[in-house]
Number of protein chains: 2
Amino acid sequence: MEYYQGHSKYLLAVDCVVLGYEDEELKVLLYPRGFEPVKGKWSLMGGFVGEDESAEEAASRVLQQITGLDNIFLEQVEAFSKPGRETIARVVSIVFYALVRIHLHDKELLKAQGAEWHPLSQLPELVFDHREMVEKALLKLQQKAGYSLAGSEMLSERFTLMQLRKLYQAIYRREFDPGNFRKKILSLEVLEKLDEKNASESRKGAYYYRVKEEMVGMETSRIVKF
Amino acid sequence: MEYYQGHSKYLLAVDCVVLGYEDEELKVLLYPRGFEPVKGKWSLMGGFVGEDESAEEAASRVLQQITGLDNIFLEQVEAFSKPGRETIARVVSIVFYALVRIHLHDKELLKAQGAEWHPLSQLPELVFDHREMVEKALLKLQQKAGYSLAGSEMLSERFTLMQLRKLYQAIYRREFDPGNFRKKILSLEVLEKLDEKNASESRKGAYYYRVKEEMVGMETSRIVKF
DNA sequence: GCAAAAGTGTTTGCCATACACCCATGT
DNA sequence: ACATGGGTGTATGGCAAACACTTTTGC
């Protein structure tokens, strides 16, 4: 037991890279830091880990508090622990990324806190090492989306294959051939075709699909090579 | 600043999954836990993070202390933070895996601490969640080795293509065709052929190769599909 | 009719796999 | 001579990329 004695203890935080998809691009939820130091710069949403919860649970709780949403896709990215990473106190942060449906949000809740969605391609200056956290999170998402349809957590529950393709284009910052993408995705056999069509985004109208219930979160064969 | 007040602090540990390669299999360095609780069970090597170091630096320091080696390949696996994961105190552990050359070790140093190399395929019972750490570390190594020759950190600096192939077979627990493996690896253009041959492992003798100096740690195109 | 996306089919080339085959050499 | 790994070449199948083409429908 004296093994545990005499060692320093640290504040343990979680930071969440909350990602959403809107206007054919990925966005990250930021809020202005309201206190010193670095007051005014933009920050990821974070919080401290309580005594009765894991970092995963803390991240989930923070997300619930800030977005009002439950059951959010979360994956651990990495722990950031450099001594000087936050200037005031030593804080070790475990970073997660979260995938959310932007339009389901309680806009009032976000506005009340000054939170805003920022396109990933034009981030403002972020506090501390939060920019690096965003970059690492994107890499992790790219890995994940290469072997699953987890990215669809950012779309409506029903989506067309064009919507899914444009999402993938946003995630990987490259184009996918519409025909080939369709064949690839359908060959995975994780989507089920619905009877309804989306008539608003094309003349002809495209069928809606959704992830088969039993396939949510499942790994697939490789979708994107990188 | 009061933002930082009133939050709990925790012990922050690092645990290292030290991996080596010997007798055509992967091995992990374990040592018997010498104190309660769970005295006698096997444990990964770990330590606490000091005030002036990052988790990476702490892992590197712990490795140096225990193996006597410097400049070891290290990669972060994941943070483990469940409240009850260690029974006595709340300890958050950041897990790393390390790749080392078993034969370079100071055997005396290890023996003095009771440390032993255990084949990954026949692990004894481990303390707490250390077994899960080992499993996650192996997955991470498989990912890494699929896009780099980082695994060769477990071989001598000079190695034959058969040695490299058998290493890959150990990492992925499957066979690779000798001819195809050779062509694949050489096509990466990260190895340089040396003039010397290894005469001890075959009649004909196989040329030694080594990773080109400027290519150490570099990502390659995909080596293994999974 | 035209434009634009939906959806299907075809062609091509690359690459992974399987495997045949000769080489060199210690026993 | 022969067994063993070293090293090279080749045939095959599958799949990804490129792209042609038809369908549908709002304008």
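Naming: A, B, ... by sequence-line order, numbering from 1 per chain.
Taking atom CZ on B:F226 and atom P on C:dA16, their separation rounds to 13 Å, with Å as the unit. Look at CG on A:L161: it is 15 Å from P on C:dA5, rounded to the nearest Å. Rounded to an integer number of Å, the gap from B:Y207 OH to D:dT8 P is 10 Å. The distance between atom CD of B:E196 and atom C1' of D:dG6, rounded to the nearest whole Å, is 17 Å. Whole-Å rounding puts the B:R182 CZ to C:dC22 P distance at 18 Å. Taking atom CZ of A:F176 as the reference point, atom P of C:dA5 lies 18 Å away to the nearest angstrom. B:F181 has its CZ atom 18 Å from the C1' atom of C:dC19, to the nearest Å. Atom pair B:R174:CZ and C:dA16:C1' shows a separation of 10 Å (rounding to whole Å applied).
A residue-by-residue look at B:R222 and A:K197 shows that A:K197 has its nearest nucleotide of DNA chain C further toward the 5' end. If A:N180 and B:G205 are placed on DNA chain C by their nearest nucleotide, the residue sitting closer to the 5' end is A:N180.
Between the side chains of B:E75 and B:Y97, a donor-acceptor pair is found at a separation under 3.5 Å. For the residue pair A:Q169 and A:R165, a side-chain donor N or O sits within less than 3.5 Å of a side-chain acceptor on the partner.
Among the nucleotides D:dG5, C:dG7, D:dA17, the one closest to the side chain of A:K225 is D:dA17. Here the nucleotide nearest the side chain of B:D177, chosen from C:dT10, C:dA18, C:dA6, is C:dA18. Of the candidates D:dG5, C:dA16, C:dA5, C:dA16 carries the atom nearest the B:K184 side chain, counting heavy atoms from C-beta on.
An OP1 or OP2 oxygen of D:dG7 is reached within less than 4.0 angstrom by no side-chain nitrogen or oxygen of B:K204. Listed pair B:R203 / D:dG6 fails the phosphate criterion, with no side-chain N or O lying under 4.0 Å from OP1 or OP2.
With a 6.0 Å radius and a threshold of 12 heavy atoms from other residues, nucleotides or ligands, B:K107 has its NZ atom above the threshold. Residue A:K82 qualifies as open at atom NZ: its count of foreign heavy atoms under 6.0 Å is 12 or below.
Between the side chain of B:K183 and the base of D:dG9, at least one donor-acceptor pair of N or O atoms lies under 3.5 Å.
In summary, B:R210 and B:E157 do not engage in a salt bridge, as defined by a charged side-chain N under 4.0 Å from a carboxylate O.
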